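What you are looking at is a predicted structure, and each value in this text was computed from that prediction instead of being measured. Numbers here are sequence positions counted from 1.
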Amino acid sequence: MERTRYDILDGLRGVAALMVLLYHVFNDAKSFFVWPTPVNEFYHSFLGVDFFFILSGFVMGYAYDRQWGNSMTLGGFIRRRLIRLHPMVVMGVVLGAIAFLIQGCTKWDGTEVSMQALMLATLLGLFMIPSPSSIEVRGNTEIFPLNGPHWSLFFEYIGSLLYGLLLHRLSTKWLRVWVTCSIVSIAGFALLTEDGGIAYGWSSEPMNLLGGALRMLYAYPMGLLMARVFRERQPKPIKGHVFLLCSLALAILLGFPSLGSKDANTIFQLVCILSFFPTIIWFGARGIVSGWRQKAVSFIGRLSYPLYATHFPLIYLYITWVGSDGHPYEGYSQPWVPALLTLVASVLIATLCLLAYDEPLRKWLNKKLHSTSRQ
């Protein structure tokens, strides 16, 4: 009998979300000169996005591949994905607009932004439409300037559409061909670009968008291919400390410091996404957890998406406050206290959004969807 739920994979999504949060608190702050001394902690945690993509492909393939042509239609699939993703997109944009107002409606260089421009950026964000550079309200070319990490959710939407329109129709043989070509493409891009690596996708600059697209076009099909192979082989489940071991491996990889050179970092990133991450997901899918551990792992997984979707407005406020003149930590070598407060506040806000907004709203929307489909 096939399993229908993979609690450990859900929990690993939560671990990756926490590592992305740590990356934004420390490394994004470093980029804006908040940290006076060089910081290389969590240097590769942005790779959590690639882990999300592979994991999403695996989960979608395992959940939906056999439903096409039976109970699953393209319209029904799109509605399910919208119900799963879009409530937290809306919440993230609203929180981002509030944070921008608190900051004084100014770009990073201090230029004032009109209320009309803010409203337009909010409207585009609510409908998951990237902002062109001409109306980008922060001034650093983010395609979703009110909540930067939404760039990956934009590619998540594209990946879902690609799966619904094309990828689920491909045979396993042709899916292998796709994955092989995408590996060559992402590796060539990472090794040949001037800056190296795969930290792309968030900016409206053409090469940045291309890099983000290549990350998704490799990761989603890889996850789908893994799901098909996993279903065919049905490997023996593993009991024990699988979640702990997979979480530790994932945290070490994502928190790995800079290796000092562009080429070394690029090779490390490629090895992670092409080998280590698929291996962790494969063993995580085989793991079994029960009792209170299952409840804890399940909650970590449930919290992962609200945490990812809502934490960045706090990062904007954190960078603005700690980077301003006259704050209480001016002159300190490193402002650990506000950093820790940002981490705690991010988890608390995500928990509140999960329990009071996301889950109740999705439950209601799913009920409406099922009642409509029966009519």
Gap separating the [atom1] atom of [X] from the [atom2] atom of [Y], nearest 0.5 angstrom:
X: Tyr200; Y: Asp195; atom1: OH; atom2: CG; result: 4.5 Å
X: Met115; Y: Met119; atom1: CE; atom2: CE; result: 8.5 Å
X: Tyr220; Y: Ser160; atom1: OH; atom2: OG; result: 4.5 Å
X: Leu343; Y: Ile315; atom1: CG; atom2: CD1; result: 7.0 Å
X: Met128; Y: Ile158; atom1: CE; atom2: CD1; result: 9.0 Å
X: His86; Y: Leu361; atom1: NE2; atom2: CG; result: 11.0 Å

Atom CZ of Phe283 with >12 non-hydrogen neighbours under 6.0 angstrom: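 Count not over threshold, so no.
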Close side-chain approach of [X] to [Y], heavy-atom, < 4.5 Å:
X: Leu162; Y: Phe155; answer: no
X: Asp10; Y: Phe299; answer: no
X: Leu254; Y: Leu22; answer: no
X: Pro235; Y: Trp282; answer: yes
X: Leu146; Y: Leu124; answer: no
X: Met19; Y: Leu250; answer: no
X: Tyr23; Y: His44; answer: no
X: Thr266; Y: Ile198; answer: no

How far apart are the closest heavy atoms of [X] and [Y], and which atoms are they?
X: Ile8; Y: Ile288; result: CD1-N, 3.9 Å
X: Trp202; Y: Asn208; result: N-OD1, 3.0 Å
X: Tyr157; Y: Val89; result: OH-CG2, 4.1 Å
X: Leu317; Y: Gln103; result: CD2-CG, 3.7 Å
X: Thr310; Y: Asn147; result: CA-ND2, 4.5 Å
X: Asp358; Y: Pro87; result: OD1-CB, 3.9 Å

side-chain hydrogen bond (donor to acceptor under 3.5 Å, both in side chains) partner of Thr141, chosen from Ser131, Ser203, Ser133: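 The side-chain hydrogen bond (donor to acceptor under 3.5 Å, both in side chains) with Thr141 is passed solely by Ser203 among Ser131, Ser203, Ser133.
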Arg81 NZ/CZ over Tyr64 ring centroid, <6.0 Å and within 45° of normal: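 No; the conditions do not both hold, so Arg81 does not lie above the ring face of Tyr64.
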Axial cation check for Tyr62 ring with Arg231, 6.0 Å and 45° limits: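 Yes, Arg231 and Tyr62 form such a contact.
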Working for side chain to side chain contact (heavy atoms under 4.5 Å, CB included), residues Phe312 and Leu21: CA-CA 8 Å; Phe312 212 67; Leu21 170 61; over 6 Å; no
Aromatic plane relationship, His311 with Tyr308 - under 30° parallel, 30 to 60° tilted, over 60° perpendicular: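 Correct class here is tilted.
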Centroid-centroid distance, Tyr43 to Phe256, less than 6.0 Å: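 That pair fails the under 6.0 Å test.
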Remaining members of the apolar cluster that contains Leu348, side-chain heavy atoms under 4.5 Å: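 Direct or chained contacts put Leu348 with Val344.
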Heavy-atom donor-acceptor pair, Asp7 side chain to Ser298 backbone, under 3.5 Å: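 No.
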Exercise: do Trp68 and Tyr163 side chains pair donor with acceptor under 3.5 Å: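 Short answer, yes.
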Under 3.5 Å, which donor-acceptor pairs link side chains of residues 48-59 to any protein atom two or more places apart or in another chain?
unit_1 : atom_1 : unit_2 : atom_2 : d
Asp50  : OD1    : Arg215 : NE     : 3.0
Asp50  : OD2    : Arg215 : NE     : 3.4
Asp50  : OD2    : Arg215 : NH2    : 2.6
Ser56  : OG     : Phe52  : O      : 3.0
Ser56  : OG     : Glu156 : OE2    : 3.0

